[in-house]
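In what follows, a single structure is set out as structure tokens and then discussed.
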Amino acid sequence: MHVANTLQGRHAVVTGGGQGIGAAITRLLVAQGAHVTVLGRKLETVQALAAEHPHHMHAVAADVSDAEQVQAAFVSARQRFGPIGILVNNAGQADSAPFLKTDAALWNQMLAVNLTGTMLCTQAAVPDMLEAKWGRVVNIASTAGLTGYAYVAAYCAAKHGVVGLTRALALEFAKKGLTVNAVCPGYTETDIVRNSIA
């Protein structure tokens, strides 16, 4: 299917956008005419991707679980490409452990990156969408947000939270020109999977 320039003039932010699924989403958005702020924890990774289309991509480093870093990142995004119309919450982490070895630090980390990060970035982007009366939020959840998997209880809990958050916000913003949806990929050969079993 050929889709070109269907998002001309739109500004999208993709979290976890420097590699894997996020990089694929970023490239597709650019191919459809959008300007994309690529947000990731490692500046060199997002800069490497942004160098592919320097006039259409902007690289910003931030930890999505840190409210101050998220706010600073979105300020930088607006300064470069203006108000945000599309947000793809793709940043995630999937560390694994048997449940009885899942300590509070692992549990809190999985919730912070996968769920709290989604909330913080959505709160940062939605005001622009409400003002424009148009916006698209896409949360990259997981099949782990629909079912359970052994040895990733914290990740499953966080992704179930993302699905619940998506449903709540879809209803809250339904009459305001915004759509909020979740995509639930299955096993995908990316760094997040390789790192979770390393």
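Quick note: numbers below take in every heavy atom, side chains included, and nothing from hydrogens, waters or symmetry partners. Everything numeric here is computed off the predicted structure, so don't read it as measured data.
- Around CD of Q8, the count of heavy atoms belonging to other residues, nucleotides or ligands within 6.0 Å exceeds 12.
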Audit row: K133, K176, side-chain contact (heavy atoms from CB on, under 4.5 Å) steps and yes/no: CA-CA 6 Å; K133 297 181 173 59; K176 299 180 180 179; over 6 Å; no

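- Annotation: side chain of W107 is not in contact with side chain of D103 (no heavy-atom distance under 4.5 Å).
- Taking hydrophobic clusters as Ile, Leu, Val, Met, Phe, Trp and Tyr residues chained together by side-chain heavy-atom distances below 4.5 Å, V30 shares a cluster with I25.
- In the displayed structure, Y151 atom OH is contacted under 6.0 Å by at most 12 heavy atoms of other residues, nucleotides or ligands.
- Tracing side-chain contacts under 4.5 Å through hydrophobic residues (I, L, V, M, F, W, Y), one reaches V14 starting from I86; they form part of the same cluster.
- Q32 places no side-chain N or O within 3.5 Å of a backbone atom of T6 that could act as its donor or acceptor partner.
- Between G117 and N89, the shortest heavy-atom contact is O-OD1, 4.4 Å.
- Under the 4.5 Å side-chain heavy-atom criterion for grouping Ile, Leu, Val, Met, Phe, Trp and Tyr, V113 is not connected to V152 through any hydrophobic cluster.
- Considering only heavy atoms from C-beta on, Y155 stays 4.5 Å or farther from D95 through its side chain.
- Annotation: R167, atom CZ; neighbour count of heavy atoms from other residues, nucleotides and ligands within 6.0 Å does not exceed 12.
- In this structure, the side chains of L169 and T122 come closer than 4.5 Å at one or more pairs of heavy atoms.
- V60 and F81 fall into different hydrophobic clusters, where Ile, Leu, Val, Met, Phe, Trp and Tyr residues are linked whenever their side-chain heavy atoms come under 4.5 Å apart, directly or through other members.
- With ring centers used as reference points, H56 lies under 6.0 Å from H35.
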Verdict with reasoning, R136 to L87, per side-chain contact (heavy atoms from CB on, under 4.5 Å): CA-CA 6 Å; R136 300 290 181 263; L87 171 65; over 6 Å; no

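- A pairwise comparison of heavy atoms in D63 and V70 identifies O-CG2, 3.9 Å as the closest pair.
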Stepwise side-chain contact (heavy atoms from CB on, under 4.5 Å) test for V88 and I140: CA-CA 7 Å; V88 181; I140 308 301; 4.0 Å; yes

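- Using a 4.5 Å heavy-atom threshold, the side chains of R10 and W134 count as touching.
- Residues T166 and N181 have side chains that never bring a donor and an acceptor to within less than 3.5 angstrom of each other.
- No donor-acceptor distance shorter than 3.5 angstrom exists from the side chain of H58 to the backbone of V38, with no hydrogens or angles considered.
- Residues Y149 and S96 have side chains that never bring a donor and an acceptor to within less than 3.5 angstrom of each other.
- Put simply, the side chain of N90 never gets that close to the backbone of N139: no donor and acceptor are under 3.5 Å apart.
- Note: the hydrophobic cluster containing L130 also contains V137 (ILVMFWY, side chain heavy atoms under 4.5 Å, direct or indirect links).
- Residue L106 holds its CG atom at 13.0 Å from NZ of K101, rounded to the nearest 0.5 Å.
- For S142 (side chain) and K159 (main-chain N/O), no donor-acceptor pair under 3.5 Å exists by modelled atom type.
- No donor-acceptor distance shorter than 3.5 angstrom exists from the side chain of S76 to the backbone of A72, with no hydrogens or angles considered.
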Verdict with supporting geometry, V64 and L39, side-chain contact (heavy atoms from CB on, under 4.5 Å): CA-CA 9 Å; V64 296; L39 190 154; 3.8 Å; yes

